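Note that this is a predicted model, so its numbers are computed, not measured. All residue numbers in this chain count up from 1 along the given sequence.
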Amino acid sequence: MADRQNVQNVARGLNSPELNSDTSIPFVDEVELEDIEEPIRPARSKDVEVGDGRRERKLHATDLGAVHTANKDTIVVDTPEGTLYITLDPESSKSSKPTSPSTLSTNVSSPTTSHTPGAQESRDLIIVEQDMGQRMTGLRRNSISMPTLPNFELLKQEYNTQGDIPEHHQSSVSVFSDDNNDVHDDQAKVPLRSPRRKSTAPRRFRSEFSMDEDEYSPSNSVTSVNSLASLLKEKLQSIPQKIRKKPTDYKLRAFVGLMFLAVVFFVGFAYVLYHRQALTTAYFERVQFNEPKRLIRVYNQDDVEILKARLGVDLHGQHKSFPCLPQHRRRGSECREWLHALRLYLTSLPPEHDNTTCYSVTWQALSNDVTPNDCFDWGDTKVNWFGAGQSLNLTWPLNSGAIDYTPFITGDMQKSQFGNVVTRYLINSKGGAITVDEDTPLHISVNRGRKEICLKAKYDDFAFANKMTEFPELKYNICTARDIKSLHSSIHNHRRAPLWDGLKPGDIKTLDSLISEPVWQIAPRFKHELQDETIAKYTEDVISLGFLKQGHVLINEFWQNEIGDLTVDTSRFATLNVTVNKLHRRGFKVAFTIQPFISTESKNFAETVQKRLLISERNSDRRIPALTRFKSLASAGVLDITNNRSVPWIMDKLQTVISAYHIDSFYFDLGTAYDMPHYYRCEQKLINPDQYKTIFTKTFEKALNIIGVSSAIHLPRPPIFVSLPPFESTWDALRLVIPTMLTYGINGFPFTMPGAVGGDIYWPGSEQFLPSAKGAVESIVNSTTQENGIELPERELYMRWLQLATFLPVMKFTHLPSKYNDVTVLEMAKNLTLLRQMYVTPLLLKYKREALEEGLPLVRPLWLVADADVTPALDEFVIGDEIVVAPVVHQGHTTREVYLPAGLWQDGIDGSLRKGNRWMHDYRVPATKVAYFLRKPDDLRF
């Protein structure tokens with residue numbers, strides 16, 4: 001019972017409320033640790049005696065928490081790192097002799113008793129130490145020995161007699177509290193919850209009795225039993241410190257990880273860059289070719305990449321290239337071969353013009369399994385492409401539309417084919433151009449899944465049925481210059497063979513008259529509507545206007561009874577010679593439309609078949625003609641212009657008409673490539689069906705006076721104008737006029753003839769010219785009237801179309817402005833006629849000389865004048881470089897955006913001066929006005 005009472009007294013004393021409320025005991029955070037001397041440690045068996053023969057009595061404790069009694073000889077203290085077990089020796093109350101590890105570690109004797117150990121005590125000490133070693137092997141790592149209750153009393157007496165108890169030791173009785181005594185921050189302070197101040201003095205020791213002597217931390221510091229609170233608090237505070245170190249560790253790990261990724265990235269980038277350079281061969285200084293990827297890059301003189309292409313797309317990366325064999329090499333060319341697939345030649349061409357460099361690319365297919373196919377990519381650069389041709393979904397610029405692989409021949413735009421004029425020429429806004437050889441069986445696609453223009457050489461059964469080589473070959477040139485304007489001028493330069501070379505005075509006169517005078521197109525829908533009286537009445541209405549010049553009267557193919565008769569239908573034109581003479585006296589010139597087609601109903605069809613003058617059908621008897629459809633004809637043959645017998649025959653027919661009726665000129669309606677018989681065969685092998693119209697025009701351009709052709713792939717000899725395709729009378733068609741006109745000009749056709757103001761007239765049975773649901777056959781009650789059963793174009797549409805046509809190279813009329821019986825329309829027509837005579841016609845005649853010399857078009861895109869690529873201005877154009885025209889092409893609009901190139905410009909509507917090189921937003925354009933701007937000298941002073 002006494003032992004249990006001793007244990008309870010110790011626990012009760014350490015947790016005594018009296019000690020907790022004793023104000024004379026200082027708090028832990030009030031102790032100045034700087035003044036603390038060397039901490040006291042408990043005596044051990046190896047301690048030496050001091051001067052008076054007694055041992056210095058010192059104590060040791062670590063990390064004590066809340067105290068409670070487990071049994072009669074054990075006190076349990078909870079700490080954040082574990083549980084401390086304090087073992088009491090029950091024999092210590094009877095004797096002060098150390099008989100256990102606990103009493104040994106805190107050996108305290110009476111302060112008045114001192115003696116030297118004898119032999120018996122030495123033996124007892126050895127036995128106790130051996131017993132202690134055995135018991136220590138079973139102790140927990142975090143267990144600790146404490147003095148027994150009598151030793152506490154003796155220790156207290158000794159401190160009281162010495163009178164030098166350190167201040168921080170005097171608070172030791174307050175470090176214990178009941179387990180259920182919760183204390184919050186806002187309550188009165190108790191020593192157990194007082195934070196221990198960190199010492200600013202350097203630590204000189206570490207505990208000799210620490211649990212782990214290899215690790216030093218505040219929890220392992222040595223102190224007396226009187227500073228147990230500070231030790232415990234220090235241990236508790238060490239845990240948050242360790243936790244706060246973790247973010248720093250994470251930051252370091254994240255930094256190391258990022259550095260590792262950066263190193264991997266740069267190593268990979270260097271690897272890719274090295275192999276790209278290592279596998280890329282530089283040809284001709286400004287051409288780089290990566291053979292494994294078959295990627296070619298072309299640079300201009302300023303080392304700016306102007307063109308990038310994927311070559312040999314159909315190889316699909318499955319072949320490796322090798323140098324060509326000696327027998328396949330060409331002088332001055334680099335040759336690579338992909339075995340049994342393709343052979344590539346790269347050649348630098350000698351310069352023909354200053355600041356222009358051209359390279360030749362030639363692909364030869366080595367089997368039928370592979371077709372040469374190169375794609376020019378613009379996906380990673382902002383570049384625009386122009387030229388080639390027009391289609392329903394392919395206008396201006398080319399990269400704004402899309403078309404799948406299509407034979408590059410003329411056709412019907414409404415059928416997703418290329419239009420009536422195509423040229424194997426493409427140019428981009430960075431100063432790169434591509435010209436494809438005529439012998440190449442060319443197919444083109446644009447934006448087919450990727451942002452690129454692809455060129456493919458492929459034979460088929462119609463467009464390229466005649467094989468010029470065993471396997472298809474793709475040949476083209478790549479040309480570069482400093483800018484797009486100089487590049488275009490150098491490619492279409494005619495200085496070596498100027499267009500004016502060989503022109504007669506009559507040719508120059510015809511060219512001037514087409515620019516300065518209108519073309520009056522008499523084209524009724526039905527044949528019986530065209531008679532002598534129709535022509536006479538139409539010309540009288542023109543004269544009655546009083547402000548329009550006479551010009552050329554163009555009569556369609558209905559002057560014949562059947563297409564191909566090549567004689568006047570006297571049943572409807574009994575007095576045609578008289579009518580023509582009357583027109584000549586009034587100042588008109590008369591032109592007939594002829595075609596190379598012979599209707600099966602024509603009186604000449606049997607003769608041409610008998611004389612074998614018609615194109616025959618492939619793989620059949622040459623005596624059997626190949627038939628086709630053309631316009632309103634259900635069946636017709638085609639004159640074989642490559643047959644030497646056909647030319648004299650048709651020339652004899654036309655000379656008879658000229659002699660009998662004094663016809664001034666002819667207009668060739670040649671149709672498109674798809675108007676040829678599908679299995680055509682000519683006397684001379686043709687590369688493609690379009691070559692026919694080139695031969696036909698060249699055959700008669702010197703023998704006959706020709707004012708225009710309906711279709712072309714090569715520039716005809718002046719004064720021949722190339723017509724735009726026929727357009728319906730719709731707003732959508734009006735918006736196609738400017739892009740089509742600009743495309744034809746870029747393609748190398750400076751003299752172009754637009755369709756009639758307000759749209760062209762259609763007739764039943766014509767597959768090419770059938771009106772759509774929005775065409776001219778729709779009835780608009782409030783906006784149209786009728787002329788001879790033909791509905792006039794919508795009033796506003798006609799006015800805006802007339803405003804645009806005023807600035808085009810040729811003005812063509814079918815519907816006269818007087819037919820609207822509207823004073824506003826008539827007055828506007830007078831003002832526009834005066835404007836054309838004062839400003840437009842003189843400038844067109846001036847730039848006619850430049851077109852004959854250098855091949856530049858009369859109507860030009862803005863980028864030929866402006867320093868920058870102004871692609872968004874899709875409905876503006878420039879006459880030469882002196883008049884900027886911005887017509888309204890949207891129904892109901894009276895404002896628009898206008899871009900003015902650099903310079904000083906005079907507003908054509910209000911006469912004000914405008915600064916160039918900028919956009920003008922919401923520029924007002926009334927319904928009776930057209931926006932145009934005249935260039936003024938830059939040094940003009942006000």
Would Phe700 and Phe668 count as a side chain to side chain contact (heavy atoms under 4.5 Å, CB included) if you check the C-alpha gap in whole Å, the side-chain angles of each, and the deciding distance to 0.1 Å? CA-CA 10 Å; Phe700 300 104; Phe668 283 2; 3.9 Å; yes

Report the C-alpha distance between Tyr679 and Asn619 in whole Å, list the side-chain angles of each, state the deciding distance to 0.1 Å, and finish with yes or no for side chain to side chain contact (heavy atoms under 4.5 Å, CB included). CA-CA 8 Å; Tyr679 299 100; Asn619 301 324; 5.9 Å; no

Arg735 vs Asp875, test: salt bridge (Lys or Arg N to Asp or Glu O under 4.0 Å). Steps then yes/no. CA-CA 7 Å; Arg735 286 187 284 273; Asp875 50 3; over 6 Å; no

Could you go step by step and tell me if Met828 and Gln803 meet the side chain to side chain contact (heavy atoms under 4.5 Å, CB included) rule? CA-CA 9 Å; Met828 185 196 69; Gln803 294 169 4; 3.4 Å; yes

Given salt bridge (Lys or Arg N to Asp or Glu O under 4.0 Å), test Asp512 with Lys848 step by step and report yes or no. CA-CA 9 Å; Asp512 293 344; Lys848 173 200 69 177; 2.7 Å; yes

With side chain to side chain contact (heavy atoms under 4.5 Å, CB included) as the test, would you mind laying out the steps for Leu736 and Phe727 before giving the verdict? CA-CA 8 Å; Leu736 290 175; Phe727 289 119; 3.9 Å; yes

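Under the 3.5 Å distance criterion, with hydrogens and angles disregarded, a donor-acceptor pair is assigned to the side chains of Asp690 and Thr410. A donor-acceptor contact under 3.5 angstrom links the side chains of Asp569 and Ser571, judged on distance only. Gln390 and Trp396 share no side-chain donor-acceptor pair at under 3.5 Å. No side-chain donor from either of Lys589 and Thr510 sits under 3.5 Å from a side-chain acceptor of the other. Judged purely by distance below 3.5 Å, without hydrogens or angles, the side chains of Gln891 and Glu794 pair a donor atom with an acceptor atom.
Judged by distance alone, the side chain of Thr570 and the main-chain N or O of Phe573 form no donor-acceptor pair under 3.5 Å. Using modelled atom types, no side-chain atom of Asn643 and backbone atom of Asp640 make a donor-acceptor pair closer than 3.5 Å. In this structure a side-chain-to-backbone donor-acceptor pair under 3.5 Å is present from Asn420 to Ser710. Side-chain atoms of Tyr798 come within 3.5 Å of backbone N or O of His815 as a donor-acceptor pair. In this structure a side-chain-to-backbone donor-acceptor pair under 3.5 Å is present from Thr841 to Arg836. Remark: side-chain polar atoms of Ser729 are paired, donor with acceptor, to backbone N or O of Gly758 under 3.5 angstrom. Put simply, the side chain of Thr534 gets close to the backbone of Glu529: a donor and an acceptor are under 3.5 Å apart.
Cation-pi geometry between Arg618 and Tyr680 is met: the NZ or CZ atom falls under 6.0 Å from the ring centre, inside 45° of the normal.
Note on ring orientation: taking the six-membered ring where Trp is involved, the planes of Phe813 and Trp520 are parallel (angle under 30°, cut-offs 30° and 60°).
Between Glu517 and Gly551 the shortest heavy-atom distance is OE1-CA, 3.4 Å. Scanning both residues, Pro750 and Leu715, for their nearest heavy atoms gives CD-CD1, 3.7 Å. Of all heavy-atom pairs spanning Glu683 and Thr642, the tightest one is N-OG1, 3.2 Å. Contact between Asn747 and Gly389 at its shortest, heavy atoms only, is ND2-N, 4.2 Å. In terms of heavy-atom proximity, Asp664 sits nearest to Val590 at OD2-N, 2.8 Å. Considering all non-hydrogen atoms of both residues, Leu734 and Arg800 come closest at CD2-CB, 4.2 Å.
The NZ atom of Lys698 sits 9.0 Å away from the CD1 atom of Ile720 when rounded to the nearest 0.5 Å. In this structure, CD1 on Ile555 lies 6.5 Å from CD1 on Ile663, to the nearest 0.5 angstrom. With values rounded to the nearest 0.5 angstrom, Ile594 atom CD1 is found 13.5 Å from Asn556 atom CG. Rounded to the nearest 0.5 Å, atoms OG1 (Thr697) and NE2 (His714) are 10.5 Å apart. Here the straight-line distance linking atom CD1 of Ile624 with atom OG of Ser616 works out to 9.5 Å at 0.5 Å rounding. Between Leu797 atom CG and Arg795 atom CZ the span is 12.0 Å, to the nearest 0.5 Å.
No side-chain heavy atom of Tyr674 sits less than 4.5 Å from a side-chain heavy atom of Pro689. Considering only heavy atoms from C-beta on, Pro716 comes within 4.5 Å of Val722 through its side chain. Ser723 has its side chain out of reach of Thr752: every pair of non-hydrogen atoms, C-beta onward, lies at least 4.5 Å apart. Counting heavy atoms from C-beta outward, Leu742 and Val859 have side chains that approach closer than 4.5 Å. Within the 4.5 Å cutoff, the side chain of Arg645 has heavy atoms near those of the Leu613 side chain. Contact of the Ile403 side chain with the Asn393 side chain is not registered, since no non-hydrogen atoms from C-beta on lie closer than 4.5 Å. Side-chain atoms of Gln595 and Thr593, non-hydrogen and from C-beta on, do get closer than 4.5 Å to each other. You'll find the side chain of Phe408 stays beyond 4.5 Å of the side chain of Ile713, heavy atoms only.
Counted within 6.0 Å of CG on Asn644, heavy atoms from surrounding residues, nucleotides or ligands total 12 or fewer; the atom is thus considered open.
Of the charged side-chain nitrogens involved, none lies within less than 4.0 Å of a carboxylate oxygen, so that Asp565 and Lys653 do not count as a salt-bridged pair. Arg622 and Glu617 are not joined by a salt bridge, as no carboxylate oxygen comes within less than 4.0 angstrom of a charged side-chain nitrogen. Ion pairing between a basic and an acidic side chain is recognised when a charged N comes within 4.0 Å of a carboxylate O; Lys631 and Asp669 show such pairing. Electrostatic pairing of Asp532 and Arg572 does not count as a salt bridge here, judged by no charged N lying under 4.0 Å from a carboxylate O. Ionic pairing of Asp507 and Lys504 is not present here: no N-O contact between side-chain nitrogen and carboxylate oxygen is shorter than 4.0 angstrom. Look at Lys527 and Glu557 and you find no salt bridge, because none of the NZ, NE, NH1 or NH2 atoms lies under 4.0 Å from a carboxylate O.
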